Amino acid sequence: MIYLDNAATTKTAPEVVEAMLPYFTELYGNASSIYKLGSESKKATIKARETIAQTLGAEPNEIYFTAGGSESDNWALKATFEAYQNKGKHIITSKIEHHAILHTCEYLEKRGAEITYLDVDENGLVDLEQLKKAIRPDTILISIMYANNEIGTIQPIQEIGEIAAEHGILFHTDAVQAYGQLPIRVDELHIDMLSASGHKLNGPKGIGFLYINKKVKIRSFVHGGQQERGRRAGTENVPGIVGLAAAAERAFRIMEEKTKKEIELRDYFISRVQKEIPYAKLNGHPTKRLPNNINFSFEFIEGESMLIMLDMKGICGSSGSACTSGSLDPSHVLLAIGLPHEKAHGSLRLTLSEENTKEEMDLVAEELKQIVDRLRGMSPLWEDFVKKQG
Ligand SMILES: *Cc1c(COP(=O)(O)O)cnc(C)c1O
């Protein structure tokens, strides 16, 4: 099998599993209990919070553990909307956010929020001038993702942070794809809230965190016990928290080497496709993109068919059409960068890890060439197109 879907989820690193195991088998105490077994769990969560805070240049008491990226996104938006109602009800976001942001915005719109969805250019970048123009006296929050999960485009986060800070507006970023892949300093970037998720950085699923700057007036998200300083109740997921911290520590330790390797493989594969497969368009920014992201649209092809044929060869990828999830709509991200429906449907996302090799990339490129040829060979539209060209 060749796994090229690391934006969907990643393999839990063996050292992460190892770090977690004792907290299932021996050190299973409740972190709130006062006996020794409980205090072991408590100690582990304190250490994990410190580790994660350090990776961001934050303070440990600004890290709130959650059940993952979706929960962190929901919390940031819903709680800000509630807590800052007397200042205003206007939120600025972008058209290419993850559904955890977009669907939460829709939910808030039904409750009186006014949302501006910024356009992006053909590479997926937000326009800073458009952002400035969108700001109103009643704007309470700007939420722009750090890096996009489909096309890999990295936003000008520092500039966005500065604009938000100048106007006294809170800035949240969904950094689920960026955290562990890129260096991030929340203070330098003027980030007030940041979402991250364990399973996107070789950590466990069902655990993540929301960084909340201590100046933010945030509301509780889950009511109950005093966990997470009373803001997110529920017995701590100690193995998950330990695993998340181990994954974060690992990601920052190997970042430089991993990034170098992934960029090499990414650019090698991109140039092969560009040379060897006609009518293929690279989606996303040519340079401001995640080290591991490849996204192409192939004309006259259905993404789903490509995925199925790749799967038959043991290759895992993802496509920009959502047919499998029961919807015929192509990806909102690909539409936002200006692709027509048929091109958005013919897109393929491959996201690498440091475990992939050049041999694998060669094999995938060869298979992909054949698959594209076969699928186009079956397409009446392609036949017409070729006739017109001839
Ligand atoms: C995966 C992802 C999420 C959701 O994270 P979960 O931990 O799966 O809930 C949110 N935003 C982005 C950009 C993602 O890639």
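Just so you know, these numbers use all the heavy atoms, side chains as well, and skip hydrogens, waters and symmetry mates. Since the model is a prediction, treat every value here as computed from it, not as a measurement. Counting starts at 1 for both ligands and their atoms, in listed order.
- Looking at Tyr279 and Trp382, their side chains come closer than 4.5 Å, going by heavy atoms from C-beta outward.
- Listed by number with element, the atoms of ligand 1 under 4.0 Å from a non-hydrogen atom of Gly68 are 7 (O).
- Of the protein's non-hydrogen atoms, His199 NE2, 2.9 Å is the one closest to atom 8 (O) of ligand 1.
- Side-chain contact between Met20 and Val16 is present, with heavy atoms from C-beta onward closer than 4.5 Å.
- A tilted orientation is assigned to the rings of His332 and His99, their planes being inclined by 30° to 60°.
- The protein non-hydrogen atom at the shortest distance from atom 3 (C) of ligand 1 is His98 NE2, 3.5 Å.
- Heavy-atom contacts of Met145 reach the following atoms of ligand 1: 13 (C) (cutoff under 4.0 Å).
- Looking from atom 6 (P) of ligand 1 to the surrounding protein, the closest heavy atom is Gly69 N, 3.5 Å.
- Looking at atom 9 (O) of ligand 1, its nearest protein heavy atom turns out to be Ser70 OG, 2.7 Å.
- Nearest protein heavy-atom neighbour of atom 7 (O) of ligand 1: Ser197 OG, 2.6 Å.
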Under 3.5 Å, side-chain donor or acceptor atoms of residues 198-215 against the rest of the protein: list the pairs with distances, not counting sequence neighbours.
unit_1: His199; atom_1: ND1; unit_2: Thr9; atom_2: OG1; d: 2.6
unit_1: Asn202; atom_1: OD1; unit_2: Arg250; atom_2: NH1; d: 3.4
unit_1: Asn202; atom_1: ND2; unit_2: Lys11; atom_2: O; d: 2.9
unit_1: Lys205; atom_1: NZ; unit_2: Thr9; atom_2: OG1; d: 3.2
unit_1: Tyr211; atom_1: OH; unit_2: Asn213; atom_2: ND2; d: 3.1
unit_1: Asn213; atom_1: OD1; unit_2: Lys215; atom_2: N; d: 2.9
unit_1: Lys214; atom_1: NZ; unit_2: Glu59; atom_2: OE2; d: 2.9
unit_1: Lys215; atom_1: NZ; unit_2: Asp192; atom_2: OD1; d: 2.9

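- Protein heavy atom nearest atom 11 (N) of ligand 1, with residue, atom name and distance: Asp174 OD2, 2.7 Å.
- When hydrogens are left out, the protein atom nearest atom 2 (C) of ligand 1 is Lys200 NZ, 2.6 Å; that is the closest non-hydrogen contact.
- Judged by distance alone, with hydrogens and angles left aside, the side-chain atoms of Arg289 form a donor-acceptor pair with the main-chain N or O of Asn283 at under 3.5 Å.
- Ion pairing between a basic and an acidic side chain is recognised when a charged N comes within 4.0 Å of a carboxylate O; Glu262 and Lys258 show such pairing.
- Put simply, the side chain of Thr139 does not reach to within 4.5 Å of the side chain of Ile91, judged on heavy atoms.
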